[in-house]
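Please read these numbers as outputs of a predicted model, since none were measured by experiment. No hydrogens, no waters, no symmetry mates; every other heavy atom, side chains included, goes into these values.
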Amino acid sequence: MKIKVLVADDQELTRDCLKIVLGRRDDMEVIDAVGTGTDVIRSVRKQQPDVILMDVRMPGMDGVTCTKIIKENYPGIKIIVLTTFDDDEYVFNALRDGASGYLLKGISMQELAEAIIKVNSGSAMINPDIASKVITFFSEMAKGSLSIQVDRNGAEEIGETEWDIITLVSRGFSNKEISAELNFSEGTIRNYLSTILSKLALRDRTQLAIWAVQSEYLGKRGREQR
C-alpha cells in the first residue's frame with residue numbers, strides 16, 4: 001500500500017517539485033500540495049494523509065501551530081517539519097507538539113523519501129545538525145517548569161527491558177540504534193515502544209523522552225543498579 005503524503009509549503013516551485021519527484025515513486029502518493037496552514041487543515045480533513053511534509057513558515061498559520069492542531073485531532077498522522085532555518089524555537093516547539101521528524105531543506109530527495117518511510121513506520125527523524133540541540137533542550141527542560149504527566153500505575157509496571165529502551169530514547173537513540181544496542185529487531189523495538197506509550201498514557205516518543213529526562217524513575221533506577 002502506498003504512503004499517502006501531503007506537501008505543505010508556501011513556495012509553489014517547492015510544492016510542484018516535491019509532488020513530481022515523490023509522485024514517481026512506487027511506494028508513495030502525493031495526495032495534495034498546499035501553500036497555507038489553513039489549507040493544510042482543510043486537506044487533512046478531506047484526504048487523511050499518512051505523512052505530512054510541513055514547512056514551518058507559511059502565511060496565516062505557521063507549521064508549528066498546524067502541527068499542534070493536527071496532532072490533537074489526528075494523532076495517527078505523522079508530520080515531518082521542513083525548514084531552511086536552523087531555528088531552535090521551531091525545532092523544539094514542533095517536536096514538543098508531536099512532530100515525528102525535523103529536517104533541513106538541504107537534504108537530498110532520496111534522504112527525504114527515506115525519512116518519510118521511516119517516520120511512517122514509527123521511527124523519528126531529526127537532522128544531525130539539530131539532534132544535539134534537541135537532546136540539550138530536553139535536559140534543560142528537566143530543570144524548568146514544563147512537565148509531562150504519566151499514568152503512575154503504568155509506570156510501576158514498566159519492565160527492565162522497557163526501562164532500557166526508555167533510557168536510550170531519552171538519549172536521542174533512533175529505533176535502529178536501540179535495536180543494535182539491545183540486540184533486538186526494529187520491529188520488536190517498535191512493539192516495545194507502543195506498549196510503553198500505552199502503559200504511560202503518552203502520545204509519542206517525544207513526550208516519552210521529555211518525561212524520561214524529568215522523571216525521578218530513571219534516577220531511582222540508576223541508584224538501585226549501583
Side-chain angles (χ1 to χ4, degrees), residues 1-134 137 174 203-206:
M1 183 178 295
K2 291 186 177 183
I3 301 171
K4 296 185 294 183
V5 180
L6 168 60
V7 175
D9 197 291
D10 66 342
Q11 298 293 319
E12 184 177 2
L13 180 61
T14 301
R15 293 198 305 270
D16 290 346
C17 191
L18 288 172
K19 188 172 183 178
I20 291 170
V21 175
L22 294 177
R24 290 173 179 166
R25 295 182 60 94
D26 295 332
D27 54 355
M28 294 178 194
E29 175 189 5
V30 178
I31 57 174
D32 204 358
V34 299
T36 70
T38 303
D39 286 339
V40 173
I41 302 299
R42 290 190 185 123
S43 183
V44 165
R45 289 171 181 161
K46 293 179 181 179
Q47 306 284 358
Q48 295 284 301
D50 298 312
V51 178
I52 302 174
L53 299 180
M54 182 85 76
D55 184 19
V56 293
R57 302 201 179 199
M58 293 184 292
M61 182 191 301
D62 65 39
V64 176
T65 303
C66 231
T67 294
K68 181 176 176 62
I69 293 172
I70 291 168
K71 293 302 290 188
E72 285 176 348
N73 292 279
Y74 305 92
I77 294 176
K78 306 297 192 301
I79 299 174
I80 299 176
V81 176
L82 298 174
T83 183
T84 56
F85 302 93
D86 184 5
D87 191 314
D88 293 355
E89 181 180 357
Y90 281 121
V91 173
F92 305 138
N93 289 344
L95 293 174
R96 179 199 63 198
D97 292 334
S100 298
Y102 196 104
L103 300 172
L104 299 180
K105 287 185 176 179
I107 66 170
S108 69
M109 292 302 296
Q110 180 60 34
E111 289 172 321
L112 179 58
E114 290 173 357
I116 292 171
I117 293 169
K118 288 180 179 179
V119 164
N120 185 63
S121 69
S123 298
M125 287 296 301
I126 301 177
N127 189 286
D129 296 333
I130 300 172
S132 60
K133 291 187 178 184
V134 173
F137 179 70
S174 67
R203 181 183 61 210
D204 51 44
R205 70 188 296 135
T206 302

Given [options], the one that forms side chain to side chain contact (heavy atoms under 4.5 Å, CB included) with [X]:
X	options	result
Ile79	Val40, Ile52, Val51	Ile52
Val34	Thr38, Thr36, Asp32	Asp32
Val56	Leu82, Val81, Thr67	Val81

Using 0.5 Å steps for rounding, measure from the [atom1] atom of [X] to the [atom2] atom of [Y].
X	Y	atom1	atom2	value
Met54	Asp62	CE	CG	9.5 Å
Arg15	Ile20	CZ	CD1	12.0 Å
Lys2	Ile31	NZ	CD1	12.5 Å
Ile3	Met1	CD1	CE	11.0 Å
Gln47	Lys4	CD	NZ	8.0 Å
Lys71	Cys66	NZ	SG	13.0 Å

Determine whether Ile116 and Arg25 satisfy the following criterion, side-chain contact (heavy atoms from CB on, under 4.5 Å), listing intermediate values before the conclusion.
CA-CA 12 Å; Ile116 292 171; Arg25 295 182 60 94; over 6 Å; no
Given the rule in the side-chain contact (heavy atoms from CB on, under 4.5 Å) test, do Met28 and Ile117 qualify, once you have shown the distances and angles that lead to the verdict?
CA-CA 9 Å; Met28 294 178 194; Ile117 293 169; 3.7 Å; yes
Counting C-beta onward and ignoring hydrogens, is there a side-chain heavy-atom pair between [X] and [Y] closer than 4.5 Å?
X	Y	answer
Leu53	Ile80	yes
Ile77	Leu6	no
Leu18	Leu112	yes

Among Lys19, Arg57, Lys105, which residue meets the side chain to side chain donor-acceptor pair (under 3.5 Å) test with Asp9?
Lys105
Can you check side-chain contact (heavy atoms from CB on, under 4.5 Å) on Asp55 and Gln11, steps first, answer last?
CA-CA 9 Å; Asp55 184 19; Gln11 298 293 319; 5.8 Å; no
Taking all atoms of both residues into account, what is the closest heavy-atom pair of Lys78 and Val119, and its distance?
CB-CG1, 3.2 Å
Is it true that Arg42 and Asp39 have a side-chain N and a carboxylate O under 4.0 angstrom from each other?
yes
